Peer 1: 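Can you keep this structure in mind? I'll have questions shortly.
Not measured: the values here are computed from a predicted model. Naming convention: chains lettered A, B, ... in sequence-line order (proteins, then strands); numbering from 1 in each chain.
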Amino acid sequence: MSSMNELYRQVIVEHFKNPRNKGLKNTDEYTKLRLKNPSCGDDVTIEVKIKDHHIEEIHHEGTGCSICCSSASVMSEVVKGKDIEEVQEVIEDFYNLIKGEDVTDEERLDEAMAFGGVAQFPARMKCAILAWKALGTILAGKSGEEDV
Amino acid sequence: MRYYDDFPVIKNNPDLVYLDSGASSLKLQSVIDKMNEYYTKYGVNVHRGVYQLSYIASDEYEETREVVAKFLNAKTKEIVFTSGATSALNLVARSLSEHINEGDEIITSVLEHHSSVMPYQEICKNKGAKLIYVPLDKKGNLTVENFKKVLTDKTKVVALTLMSNVLGNTTPIKEITKLAHEKNAIVVADGAQAVPHMKIDVKDLDVDYLAFSAHKMLGPTGLGVLYGKYKELNSLNPIEFGGDMNDNVELYDSTFKEAPYKFEAGTPKIAEVIAFKEAIKYLEKQDLNKIYEHDYELTQYAINKLKAIDGVEVYATESSCGIVSFNIKGIHPHDASTIYDEKGIALRAGHHCAQLITKWLGVTGTLRASIYLYNDYSDIDKLIEATVVACEYFKEWII
């Protein structure tokens, strides 16, 4: 079960059980995007309030496996308050982490580093990146609903 | 070890516990050898060449049509080769759509695989016809009584699965077909899950069409079969046009061959078709009735063992053959499946291309162990052991 524990690190289980920033405000101040993975049923909506080129508020909502749900929760804490360009770098770094490649700034990824074990589970990579992909798509200027 | 030499995947993965045959069965060595024989000894096109090798390939190809026909108690000309059960079901639906008008009704069920219901959703949207669902009973069974409630004079097509790929329960298709024919409705049966596990006699069932896939019954991927009662089949227009299916071609109009050839446009899946007969011969040698008994017993064994584990919810019914759907309560099937993968157990997690039934069950997905002739009690015992471990592992997660 050692690699199970490698995948389900304490941080991940903890965020799954007690998700942070969960629940949407659904007001005009937020840009919202829903991203689904039809092949597995993971379904995440991210909304962000951007002020002065920074992510002032971020919330998530959705259904999916523990990796998907806790990843959204961890992400919301990691990116909150950061400059948009920096967030885009963090997202790139997170993708590298999931692919098992080198990351440029481990400290900046903070608790998201706990998802490093996913690299050994190719079937779960999409679960881990869904929320991050939704945020990246919002920052690229999109909103609404999409399938991965 | 009985099947060690017959299935190279078992030989090459001696510790594998393969419980995903509902998605695709393991492939026979004799099927692989036959494909190889085609590619290495006479790998040319069929129905075209006027030379020796082409005759051999064509004879081998057509011999499979005969073997499949005998297997189903059908006529040879009633067998069409397609690229899978999905394309077979789409072929029938699209060809039948010409005869569907506004206000007509098409009966289906929430037990269906997406490929048995989505083609009719499209037809209904385009033609203003109505898609009607047979209500299931509490256990998820499709009953004759409930079918009677939705059958009307407007029913034109009845599209139902013979066996659910999520619950494993079978449809009383013979009785349903009899009732449907009294209303002159066409019956299209999805046999993708049933045909690998049980003896199907199309004359006895009297269905108009039956679709199934080769790769779920020890055969090659990329190949499906459409059986059609000849009078019905030959009355349909093809949906693909081109090489080999044509008769006389003029500038602005062409004529087609008779069924089944008018439905096989282009170069077919030659190697796959030629090799598929080896799978059927093997299944016949093993005896479909014995296979059914074996799969049914193992399925019931698994269901009863899983039901006894605290924290497991089993969705399959007593009538289930070959399919065991379950969940660890409160745990997403994808989280649970990682434990099984760790232990070398291959099973499916998700909605199994049948979202209507997972929605009916009120879940986002299930774990699904599917059983076939090469599985034994030790495979099920390993599944049970892993499930106990999974329940223990995830216990602290349950919110």
Peer 1: Let me know if A/Asp42 has heavy atoms under 4.5 Å from chain B in its side chain, its backbone, both or neither.
Peer 2: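 The answer is the side chain of A/Asp42.
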Peer 1: Measure the acute angle between the ring planes of A/Tyr8 and B/Phe394, then classify it against the limits of 30° and 60° as parallel, tilted or perpendicular.
Peer 2: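 Answer is perpendicular, since the angle exceeds 60°.
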Peer 1: At a heavy-atom separation under 4.5 Å, does B/His334 approach chain A through its side chain, its backbone, both, or neither?
Peer 2: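 Both the backbone and the side chain of B/His334 come within 4.5 Å of chain A.
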Peer 1: Flag yes if more than 12 heavy atoms outside B/Asp310 fall under 6.0 Å of its CG atom; otherwise flag no.
Peer 2: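 Counting neighbours around CG of B/Asp310, 12 or fewer heavy atoms of other residues, nucleotides or ligands fall under 6.0 Å, so no.
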Peer 1: Taking atom CD1 of B/Ile331 and atom SG of A/Cys65, what is their separation to the nearest 0.5 Å?
Peer 2: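 Spacing of CD1 (B/Ile331) from SG (A/Cys65) equals 11.0 Å.
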Peer 1: Counting neighbours of NZ on B/Lys329 that are heavy atoms of other residues, nucleotides or ligands and sit closer than 6.0 Å, is the number greater than 12?
Peer 2: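 Yes - once you tally the heavy atoms of other residues, nucleotides and ligands closer than 6.0 Å, there are more than 12.
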Peer 1: If you draw a 6.0 Å radius around CG in A/Asp52, do more than 12 non-hydrogen atoms from other residues or ligands fall strictly inside?
Peer 2: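 Counting other residues, nucleotides and ligands, CG of A/Asp52 stays at 12 neighbours or fewer.
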Peer 1: Count the heavy atoms belonging to other residues, nucleotides or ligands that lie under 6.0 Å from CD of A/Glu106, then report whether that count exceeds 12.
Peer 2: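 No, the 6.0 Å shell around CD holds no more than 12 heavy atoms from other groups.
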Peer 1: Tell me, please, which residues at least two apart from B/Asp379 pass salt bridge (charged side-chain N to carboxylate O under 4.0 Å, His left out).
Peer 2: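 With neighbours one apart ignored, the set is empty.
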Peer 1: If I take atom CG from residue B/Asp341 and atom CZ from residue A/Arg124, how far apart are they, to the nearest 0.5 angstrom?
Peer 2: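 It is 10.0 Å, given to the nearest 0.5 Å.
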Peer 1: Nearest 0.5 angstrom please: B/Asp335 CG to A/Cys127 SG, how far?
Peer 2: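 One gets 8.0 Å once the value is rounded to the nearest 0.5 Å.
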Peer 1: Crowded around A/Glu101 CD? As in, over 12 foreign heavy atoms under 6.0 Å?
Peer 2: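 It does: A/Glu101 CD has more than 12 such atoms within range.
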Peer 1: Is any side-chain heavy atom of B/His332 closer than 4.5 Å to a side-chain heavy atom of A/Ile67?
Peer 2: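 Not in contact.
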